[in-house]
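Below is one structure, written out as structure tokens, with a few remarks after it.
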Amino acid sequence: MSAEIIDGSAVAKQLLAETAARAKAFTERAGRAPCLATVLVGQDPASMSYVRMKQNRSAKNGIDSRKVELPETTTTDELIAAITGLSDDPQVDGILLQHPVPEQIDERAAFEAIAPRKDVDGVTMHSLAATALDLPSFHSCTPEGIVRLLDSYRVELAGKRAVVIGRSPILGMPVGLLLLGRNATVTYCHSGTVDLADQVRQADVVVAAVGRPELIKGEWIKPGAVVVDAGYNPGNVGDVEQAVAVERASMITPVPGGVGPMTIAVLLAQTVAAAEASLG
Ligand code: NAP
């Protein structure tokens, strides 16, 4: 058996097309385009390139960018003041704080300065709690992208045993909550898990969100399981041993071209949704 490849690039392309159409309709109605504010502290080359990519992709899909660039020496209070200004600005619909921020900054405090209605990256405590309670909110983009991918491929989640490896606040934890919200039976594995292989062997759905190349061995995958590999390691290597897993899984997300393209597509979709909500 060779797994069906879950084509994240194609699903993301479709979502971006829908988002661009909604952005256009919003612009006609509101007399301005939806606006995503990006906040970058310092000059880390990877962060600068991520922000540039998000701004370019926004422009391509009819979304304006508001660029806020702050020096490396910015304090927590200064960053909070900048973000609070964006939270209060009616011309700004969504706020993205590029992270990690320099170490002198209290990142959590900075995230919490984002008004929940503008938290299109899903990083605030409000958004995480609402995700857990299954209440309307923005979701962290990669987890939301994963669930949208599974929906696109009509993967049934109710009653399925899902194993999530990783519990970070932006990825592992919220993706488990979203799967729980779909009535999957969810197990989290993390660095303290002692029987990772045994846990993965029981999973109908595996979500790998660790950041360790090929940590999840292909032979651990239960035949017929659905495998989502969110890991992205240097050299385009995922967290799953893809070459072996593809022979056992029924569906698998490739690396690259699986989960990755969904993240930015969800960010833009949530920005347009925030803009629409601002009109009431
Ligand atoms: P992170 O904050 O470093 O979290 C990693 C998680 O993996 C932690 O919960 C950690 O456990 C767990 N872990 C580490 N070693 C482990 C082991 N040996 N066994 C089991 N669990 C282990 O990373 P992240 O931000 O969630 O990102 C994870 C991966 O996803 C990275 O490769 C990243 O590049 C990728 N990612 C991709 C996208 C995308 O758009 N495609 C977006 C975000 C992240 P503890 O909690 O116990 O430390």
Side-chain angles (χ1 to χ4, degrees), residues 5-13 15-16 38 44-47 49-54 57 96-101 103 107-108 111 120-123 127-128 131 138-150 152 162-179 186-203 206-217 220-221 227-242 245 252-270:
I5 303 299
I6 296 180
D7 187 347
S9 300
V11 177
K13 194 172 167 190
L15 177 58
L16 285 172
T38 57
D44 173 67
S47 292
S49 128
Y50 287 137
V51 168
R52 222 174 10 252
M53 189 175 78
K54 286 164 190 167
R57 203 61 67 81
L96 173 121
L97 170 60
Q98 185 63 42
H99 55 95
V101 290
E103 59 183 22
E107 185 175 273
R108 175 49 50 198
F111 281 152
V120 294
D121 202 24
V123 293
S127 295
L128 186 64
T131 303
F138 294 118
H139 294 153
S140 184
C141 296
T142 306
E144 173 67 16
I146 288 171
V147 172
R148 286 181 187 234
L149 272 183
L150 295 174
S152 289
V163 169
V164 179
I165 309 112
R167 57 174 167 183
S168 73
I170 58 138
L171 182 46
M173 188 171 291
V175 83
L177 294 173
L178 290 172
L179 297 173
V186 179
T187 300
Y188 285 98
C189 298
H190 45 75
S191 63
T193 299
V194 292
D195 57 349
L196 183 60
D198 290 343
Q199 294 296 334
V200 173
R201 281 195 176 99
Q202 295 176 49
V206 178
V207 180
V210 186
R212 300 262 188 289
E214 300 193 339
L215 175 78
I216 313 304
K217 300 302 165 209
W220 300 352
I221 303 299
V227 176
V228 177
D229 188 353
Y232 188 69
N233 306 292
N236 284 340
V237 179
D239 286 347
V240 176
E241 190 190 14
Q242 292 258 345
I252 190 166
T253 62
V255 178
V259 173
M262 290 301 290
T263 301
I264 195 160
V266 169
L267 174 72
L268 301 191
Q270 294 196 144

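Atoms within each ligand, like the ligands themselves, are counted from 1 in listed order.
Expressed to the nearest 0.5 Å, how far CD of Gln270 lies from NE2 of His139 amounts to 7.5 Å. Rounded to the nearest 0.5 Å, atoms CG (Leu215) and CD (Glu241) are 10.5 Å apart. Atom CD in Gln98 sits 8.5 Å away from atom CG in Asp44 (nearest 0.5 Å). In this structure, CG on Asp121 lies 11.5 Å from OG1 on Thr38, to the nearest 0.5 angstrom.
Residue-level proximity to ligand 1 for Ala230 is carried by the backbone, the only part with a heavy atom below 4.0 angstrom. At a 4.0 Å heavy-atom cut-off, ligand 1 touches Ser191 through backbone and side chain alike. Contacts between Arg212 and ligand 1, counted as non-hydrogen atom pairs separated by less than 4.0 Å, involve the side chain only. By the criterion of a heavy-atom distance under 4.0 Å, neither the backbone nor the side chain of Thr193 is placed next to ligand 1.
Ranking the protein heavy atoms by distance from atom 24 (P) of ligand 1 puts Ser168 OG, 3.7 Å first. With respect to atom 8 (C) of ligand 1, the closest heavy atom belonging to the protein is Arg167 N, 4.0 Å. In terms of protein heavy-atom proximity, atom 33 (C) of ligand 1 is nearest to Tyr232 N, 4.2 Å. Taking atom 20 (C) of ligand 1 as the reference point, the nearest protein heavy-atom neighbour is His190 O, 3.1 Å. Of the protein's heavy atoms, Thr142 OG1, 3.2 Å lies nearest to atom 42 (C) of ligand 1. Scanning all protein heavy atoms for the shortest distance to atom 17 (C) of ligand 1 gives Leu215 CD2, 3.8 Å.
In the vicinity of Thr263, heavy-atom distances shorter than 4.0 Å reach the ligand 1 atoms 39 (C), 40 (O). In the vicinity of Ile165, heavy-atom distances shorter than 4.0 Å reach the ligand 1 atoms 20 (C), 21 (N). Atoms of ligand 1 found under 4.0 Å from any heavy atom of Leu171, numbered from 1 in the order shown, are 26 (O), 27 (O), 28 (C), 30 (O), 36 (N), 43 (C), 44 (C). Near Gly260, meaning under 4.0 Å from any of its heavy atoms, are these atoms of ligand 1: 41 (N). Residue Gly211 has at least one heavy-atom neighbour below 4.0 Å for each of these atoms of ligand 1: 28 (C), 29 (C), 31 (C), 32 (O).
Thr193 contributes no side-chain N or O that, together with a main-chain N or O of Leu196, makes up a donor-acceptor pair within less than 3.5 Å. A side-chain donor-acceptor contact under 3.5 Å links Tyr188 to the backbone of Met173. The backbone N or O of Gly238 lies less than 3.5 Å from a partner atom in the side chain of Asn233, making a donor-acceptor pair.
For NZ of Lys217, the number of neighbouring non-hydrogen atoms (other residues, nucleotides, ligands) closer than 6.0 Å is greater than 12. Counting heavy atoms of neighbouring residues, nucleotides and ligands inside a 6.0 Å radius, atom OH of Tyr50 does not exceed 12 of them.
Nearest heavy atoms, Pro169 versus Leu128: O-CD1, 4.3 Å.
Checking Val210, Leu196, Ile170 against atom 14 (C) of ligand 1, the nearest heavy atom belongs to Val210.
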